[in-house]
Amino acid sequence: MRGIPARLLTISAIAVYFSIAPSFFVQAKPLASRISQADQLFQAGDQLLQQNVLAHASQTLEQALRAYEAAGDINGQQKTLLRLAIIDARQGKHAQAIARTRFAEGLSSQPDYGVIYNIRGTIQLELGNYHDALRLFRGAAAYMTDVKAAARNQLGIGEALHALGFYTQALEILTLNAKAPVTRFEQGRALNAIADTYFSLGQYETAKDYYEQALTVRRGVGDWMGYHRTLQNLGRTSHVLKQPKQAQIHYEEALESMIGRRDHVGKISVYRGMAQLAAEQGNPQQALSYYESALAESRLVEGAGRVAVLNDLGFFYKSQGQFEKAIETLDAALKLAQRNGDSQGEIRALSGIGEARLELDKKQSAGQAEKASAALQEAINLFESLRPGLRDADKVALFDTHAHIYRLQQQALIRQNKTAEALTVAERGRARAFVELLSQRLSGEEKEEAAKIQPPNVAEIQAIAKQQRATIVTYSIIYGTNREESELYSWVVQPTGNIEFRRVDLAKVQDRLNVSLNRIARESRNAVATGEDDPSMTNLVVAMRGTMTQQAERESSQEVLKSTQNAYQLLIQPIEDLLPTDQQARVIFIPQDALFLVPFAALQDA
């Protein structure tokens, strides 16, 4: 493992620490002289703190504090106590840091509330109490006159805004701090926070790039807590990017660097990552052991770390078929996330509760589908509230991260035989994705108008069918517990306004037709985004279109016929009896994902 290099003490700091400190209490000197030497100790300790040499800084500042106490200098005691509180906070000694700020506050009739509120905000941010953290940082800003201190405080505001889901404002503040940092310590912190924001948005490659920059900076300044936090973040990013070996290496390095440290939140994150890897590799007992270690650490910090581990544990129980236990655990995560203002934690808990209740409903548990639907609708509403103000690329990435919630809600409504309501949810998700993609191509007033587009409700869909005198066919691809393709939903809206629903069990037809809609969706989406064709796209849609092109000028068209027949059996045959028999009648197809590539008019049944 690459260790953190020790920071070299500056010549002035060494001189003060070794020459002034030992002799200070030997001689009794006039008050002004004692205060002067106390000031020198304070300045040396503060300089060491800025260099993040925390052990030496703490020793020097403790001596400065005793010197100020001996001289009866209240202001000196206050500022020294607050520097020591900053050191405690960086070392994870939160209770001690808070106690120091309270003692400092009580010393003077004019407390330094700018520093006091900033320290308390930093601690609340660490503990996951995001609303309190933002309130304290903003309170600190009102008292700050020092430019450097104000810049550090802005960094805390940026981190709190990210945690609360205000991504645009967070990125603006954090990027400014990264480009013009007060110190390299703050730069590493800002880079890591920028990466966290992009991770939340689902832009994992961008997040990885910023994490690597943060790791370099934090290693360079000897920020051990920040260093292993960023190692852990690289681990989870590699995990999401399907790089399990690299993720394991990062997690193990991070855990090793935490030995003997009090960074409970950091340890929680590492144990979570290692548990998820173990579960994916088919070792549930090892995964549960890691989760229990994370839970033990989380009991020491009632904050974001605990929300995350409870969510993970709930999803783990769900994957093991322990649905009641999963709901109980996720409900605990939800309550804590709501208390802390952790929007992402709330969304994840609600979606997990909805999914677990859907599984219980399949086991004939009465009323579970209704409860699932209520949780999922709350998750959708909360998710959509996070989006205003984001850049277009960020909105698209965030939608891709949470698109499964719309599909789960469709399933919950279908389980209740609310097929029309399920159609509106499908259109809601489809419209949201379309609007975000459309906005990337527009600007100015056109972009603002596009953002106002709302998905149609049932009555509006029926009115469109009547007005156009057309039959409307809508498709939606549904995924199972392990995100495998499960079903294909089809709605047919007649010109009369009547709505019919059909479903296809994809598990029963995929082997026979060699169809993988998930692969179609993923690879075609990548092709559209990058402008490049993926050579591995051998699925039904691409194969069919390619075969039709290749055979266009040949006499034999057996391959074309076979591919169009397969598509017909999957997409048209289940709803064939609902389509008009009049060849002149209008039929409007509304596909999903790669199904937009299907030439519906060319499909053949024989």
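All heavy atoms count here, side chains included; hydrogens, waters and symmetry mates do not.
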For Thr329 and Leu313, the nearest pair of non-hydrogen atoms, with its separation, is CG2-CB, 4.1 Å

Cationic N near anionic O, under 4.0 Å, Lys325 to Glu328: no

Query raised in the report: Given the rule in the side-chain hydrogen bond (donor to acceptor under 3.5 Å, both in side chains) test, do Tyr479 and Glu487 qualify, once you have shown the distances and angles that lead to the verdict?
Result: CA-CA 7 Å; Tyr479 297 88; Glu487 295 177 293; over 6 Å; no

Just by distance, do the side chain of Glu378 and the backbone of Leu350 share a donor-acceptor pair under 3.5 Å?
no

Q | Polar contact flag, side-chain donor to acceptor under 3.5 angstrom, Gln409-Ser373 | A | yes

Is a side-chain donor-acceptor pair under 3.5 Å present for Lys208 with Gln203?
no

Should Arg236 and Val240 be marked as a side chain to side chain contact (heavy atoms under 4.5 Å, CB included) after you check the CA-CA gap, both sets of side-chain angles, and the distance that decides it?
CA-CA 6 Å; Arg236 67 169 181 160; Val240 171; 5.6 Å; no

For Ala287 and Ala275 the tightest heavy-atom approach is CB-O, 3.3 Å

Can you find a heavy atom in the side chain of Lys363 that is under 4.5 Å from one in the side chain of Phe323?
yes

*Could you go through the side chain to side chain contact (heavy atoms under 4.5 Å, CB included) check for Leu310 and Leu295 one step at a time?*
CA-CA 8 Å; Leu310 285 170; Leu295 198 59; 3.9 Å; yes

So CD1 of Ile353 and CG of Asn311: to nearest 0.5 Å the spacing works out to 8.5 Å

Query - cation_pi(Arg428, Tyr406) dist<6.0 Å, angle<=45 - result: no

**OP:** May I have the step-by-step check of ring pair (Phe, Tyr, Trp, His ring centres under 6.0 Å) for Tyr291 and Tyr271, ending in yes or no?
**Re:** CA-CA 6 Å; Tyr291 279 132; Tyr271 283 131; over 10 Å; no

> Are Glu355 and Arg407 ion-paired here, with the side-chain N under 4.0 Å from a carboxylate O?
Replying inline: no

Salt-bridged, Arg100 to Asp88, with N to O below 4.0 Å? yes

The single option from His239, Glu253, His250 that satisfies side-chain contact (heavy atoms from CB on, under 4.5 Å) with Leu234 is His250

Interatomic distance, CD1@Ile87 vs CD@Gln59, rounded to 0.5 Å, equals 10.0 Å

Backbone of Ser289 reached by a side-chain donor or acceptor of Ser293 within 3.5 Å = yes

Minimal heavy-atom distance between Leu164 and Ser343, with the atoms involved, is O-OG, 3.6 Å

Arg415 atom CZ, neighbour heavy-atom count above 12 within 6.0 Å
yes

Closest heavy-atom pair, Ala57 versus Leu48, reported as atoms and distance to 0.1 Å, is CB-CB, 3.7 Å

Note to self: Ignoring hydrogens and geometry beyond distance, is a side-chain donor-acceptor pair present between Gln276 and Asp312 at under 3.5 Å?
What the structure shows: yes

Less than 4.0 Å between a side-chain N and a carboxylate O, is that true for Lys318 and Glu359?
-> no

When rounded to the nearest 0.5 Å, the distance separating OG of Ser257 from CZ of Arg219 is 11.0 Å

Would you say the side-chain atoms of Arg83 pair up with the backbone N or O of Asp46, donor to acceptor, closer than 3.5 Å?
no

Under-4.0 Å salt bridge between Lys335 and Asp331: yes

Ile123 and Ala89 have their tightest heavy-atom pair at CG1-CB, 4.1 Å

Value for CZ (Phe383) from CD (Gln344), rounded to nearest 0.5 Å, stands at 9.0 Å

Distance col, row Glu346:CD vs Gln338:CD, nearest 0.5 angstrom, shows 4.5 Å

For Leu330 and Gly352 the tightest heavy-atom approach is CD1-C, 3.4 Å

For the rings on Phe137 and Tyr117, is their centre-to-centre separation under 6.0 Å? no

* Return yes if a side-chain donor-acceptor contact under 3.5 Å exists between Gln124 and Tyr130, otherwise no. => no

* Is there a donor-acceptor contact under 3.5 Å from the side chain of Asn129 to the main chain of Asp132? -> no

Exercise for review: Verify the distance criterion only: is there a donor paired with an acceptor across the side chains of Gln248 and Glu252 at less than 3.5 Å?
Suggested key: yes

CD (Gln410) and CD1 (Ile477) are apart, to the nearest 0.5 Å, by 10.5 Å

Does Arg348 qualify as a cation-pi partner of Phe315, given the criterion of NZ or CZ under 6.0 Å from the six-membered ring centre and within 45 degrees of its axis? yes

Quick one: side chains of residues 171-194, donor-acceptor pairs under 3.5 Å with protein atoms, not counting sequence neighbours, listed by atom name and distance.
residue, atom, partner, partner atom, Å
Thr175, OG1, Leu171, O, 2.6
Asn177, ND2, Ile173, O, 3.0
Thr183, OG1, Phe185, N, 3.3
Thr183, OG1, Glu186, N, 3.3
Thr183, OG1, Glu186, OE1, 2.1
Arg184, NH1, Gln187, OE1, 2.7
Glu186, OE2, Arg152, NE, 3.0
Gln187, NE2, Ala178, O, 3.4
Arg189, NE, Glu159, OE1, 2.9
Arg189, NE, Glu159, OE2, 3.2
Arg189, NH2, Glu159, OE1, 2.7
Asn192, OD1, Thr230, OG1, 2.8
Asn192, OD1, Asn233, ND2, 3.1
Asn192, ND2, Asp196, OD2, 3.4

